[in-house]
Amino acid sequence: MSEEQHHSTEEDLRQHRLDKLERIRARGDEPFKYIFERTATITEARATFEEQENSAEDKAGVQITAALAGRVVSFRDHGKSAFADIRDEHARVQVYFNQKKVGEAAFTALSDLDLGDFIGVNGVVHRTRTGEITIFADSYTLLTKSLRALPEKYHGLTDVETRYRQRYLDLVANPEVLDTFRKRIKLIDTMRTWLTARGFLEVETPMLQPLAGGASARPFITHHNTYDCDLYMRIAPELYLKRLIVGGFERVFEINRNFRNEGVDTRHNPEFTMMELYEAYQDYLGLMDETEELFCAIIDAVNGGPEFEYQGTIINATRPWKRLALFDAIKEYAGIDLAATRDRDEAAKLAKSAGVKIDNTMGYGKIVDEVMSACVKPKLVQPTFLYDYPVEISPLAKKHRDNPAITERFQAFIGTLELCNAFSELNDPIDQRDRFMQQAKERERGDEEAQILDEDFITALEIGMPPTAGLGIGIDRLAMLLTNSGSIRDVILFPQLRPTE
RNA sequence: GAACGGGUAGCUCAGUCGGUAGAGCAUCGGACUUUUAAUCCGGUGGCCGCGGGUUCGAAUCCCGCCCCGUUCACCA
């Protein structure tokens, strides 16, 4: 075909492959097969081969027959023979094609094979003289034709925008990304097993809520056509899970998505995954012990021990973890005693003396929170619990049994990442109503994130909720920590980017 | 929302002082029966993010816009 154009723009590369597809069909082969019966995965075949090799007298004579399948990731043509590498989910193996062995027609048909195609190979596994475990093909089958060029084999795909927008390309080109997500999956699996083993029941509560409650955040709004009303994507499952404790469940948890309509950066994605649990007859101190145990079980399962590296620092999560009352931590790291005053202006003055920026809209609780974020949080590299937070910034937490100005609340930090939030749950409906009213005032002052009074939730509390402790863990943050990822987008398969045209 | 950095072939990247747009890989053609970033020979391939401006001449200088990243603000 002298009129054939030898171009290689993206569309021309695709056209080449479409031409090959037609040739394949023209000779009666189907380029998109329905099934292939593997006798083993590549990992299994390698393991079996090495086992036999280890126990054999004549190591060079060891060979096992196998049918393996995978994606062609490289191809080296040598005239009357050829080598390819194929890769399945967990491993790679070399394939050797010999013209005599597979037959002339099948060997010629190799020229219609492209990088990215899936093939199945029937043959014999043994070592080449260079020592590489190789399947010597008796025959092969094209399983799926790939119509687009893969990213380059050596440098892989580094363009972050393409990696996030077309994660499938990232996974194909950078197999180590699979490991990151396997760790994330292992994390969740370990957490679920741990909770289930302790009698926690996994439940599902509404994603669409008429009031977006349970946290301080701006929600996404959506619309229900039949009811002709706006609904909110949930910002937290908290208020529903507590209704279940009211109803009689004693240990519940949910691992699911929350949605918050706020800024996007290396630590925030508009949708993120939380685990929340509620345990009746427990308080925050008991829950702190359990939380430590749970984190350590996860860290051990995912990273094989209490030590791991995060962004250049070695973290040691051996128990017990450091525990610091919030106001003591502020005293230690910011050098000011905010517990000495309850006066908003006094507190502001102290905070400014510690170099923290304070504006006039901030109340006492917010000021304490600012000082914590600016002076304490950056110091919390090794696992640390902070506990006893101001009542103003903890509207769903029970007041401290010895001090009504603070709540029985704790958070855990590792590598300066805030990993969880927990408290003795406020179950006094009168106090809860007061807290909501306080939030309403904040809202009137212009705080769009202040929480909204949920009458039905108060009604539930009036029915009666036993003493309960609750915990929320940000799964994405924890995944970042355990995979040494600097950005939340590296632990979310399909992070939100601005949509393209 | 702000500052800084980036956007050049399918992928990874060069591109000097404003003077014909480059390399490697991939791809196409050819050689090669143990290679493994195979090798050798010969080709194809570009809206230089988009739109204006300055200039005889712009990937390069200026202005605006889009997208990505980092930091900051807000937040978990």
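Chain letters run A, B, ... following the sequence lines, proteins first and then strands; every chain starts at 1.
- In this model, the phosphate group of B:rU34 is not approached by any side-chain N or O of A:K101 to a distance below 4.0 Å at OP1 or OP2.
- With sequence neighbours excluded, no residue satisfies ring-ring contact (aromatic ring centres under 6.0 Å, His included) with A:F200.
- Side chain to side chain, A:D12 and A:T9 meet the donor-acceptor criterion of an N or O pair below 3.5 Å.
- Evaluated for a side chain to side chain contact (heavy atoms under 4.5 Å, CB included) with A:I135, the options A:I42, A:V121, A:V124 yield exactly one hit, A:V121.
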What is the per-nucleotide protein-contact pattern of nucleotides 66-73 of chain B, from the 5' end, where B denotes a base atom under 4.0 Å from a protein heavy atom, S denotes such proximity for sugar-phosphate atoms only, and - denotes neither? -SSSSS-B
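- Taking atom CZ on A:R76 and atom P on B:rA26, their separation rounds to 11 Å, with Å as the unit.
- Under a cutoff of 6.0 Å and an axis angle of 45°, A:R409 and A:Y389 form a cation-pi pair.
- For A:K377, no side-chain nitrogen or oxygen approaches OP1 or OP2 of B:rA76 to under 4.0 Å.
- Residue A:K153 has no polar side-chain atom (N or O) positioned under 4.0 Å from OP1 or OP2 of B:rC11.
- B:rC48 and B:rG18: their C1' atoms are spaced 15 Å apart (whole Å).
- Across all strands shown, the partner of B:rC65 is B:rG49, judged by Watson-Crick or G-U wobble contacts whose two distances both fall under 3.5 Å.
- Distance CG (A:L169) to P (B:rA26): 18 Å, rounded to an integer number of Å.
- In this structure, the side-chain contact (heavy atoms from CB on, under 4.5 Å) partners of A:Y232, at least two apart in sequence or on a different chain, are A:A212, A:P219, A:I221.
- For B:rU35, its base sits under 3.5 Å from the side chain of A:Q94 at one donor and acceptor pair at least.
- Applying the 4.0 Å criterion to OP1 and OP2 of B:rU12, one finds that A:T158 has a side-chain N or O inside that range.
- Pairing of B:rU71, defined by two Watson-Crick or G-U wobble distances under 3.5 Å, is identified with B:rA2.
- When both pairing distances are held under 3.5 Å, B:rA58 makes no Watson-Crick or G-U pair with any nucleotide shown.
- Under the Watson-Crick or G-U wobble criterion, with both distances below 3.5 Å, B:rA31 is paired with B:rU39.
- Rounded to an integer number of Å, the gap from A:L115 CG to B:rA37 C1' is 13 Å.
- Counting to the nearest Å, the P atom of B:rA76 and the CZ atom of A:R409 are 8 Å from each other.
- Regarding A:Q99, its CD atom lies at a distance of 13 Å from the P atom of B:rU34, rounded to whole Å.
- Rounding to whole angstrom units, CG of residue A:L18 and C1' of B:rC28 are separated by 16 Å.
- Between the side-chain ring of A:F272 and the base of B:rA76, a stacking contact exists by the 5.5 Å and 30° definition.
- Interface remark: the A:T128 side chain does form a donor-acceptor pair with the B:rU35 base, using a distance-only criterion of under 3.5 Å.
- Set against B:rC28, B:rG24, B:rU33, the side chain of A:E152 has B:rG24 as its closest nucleotide.
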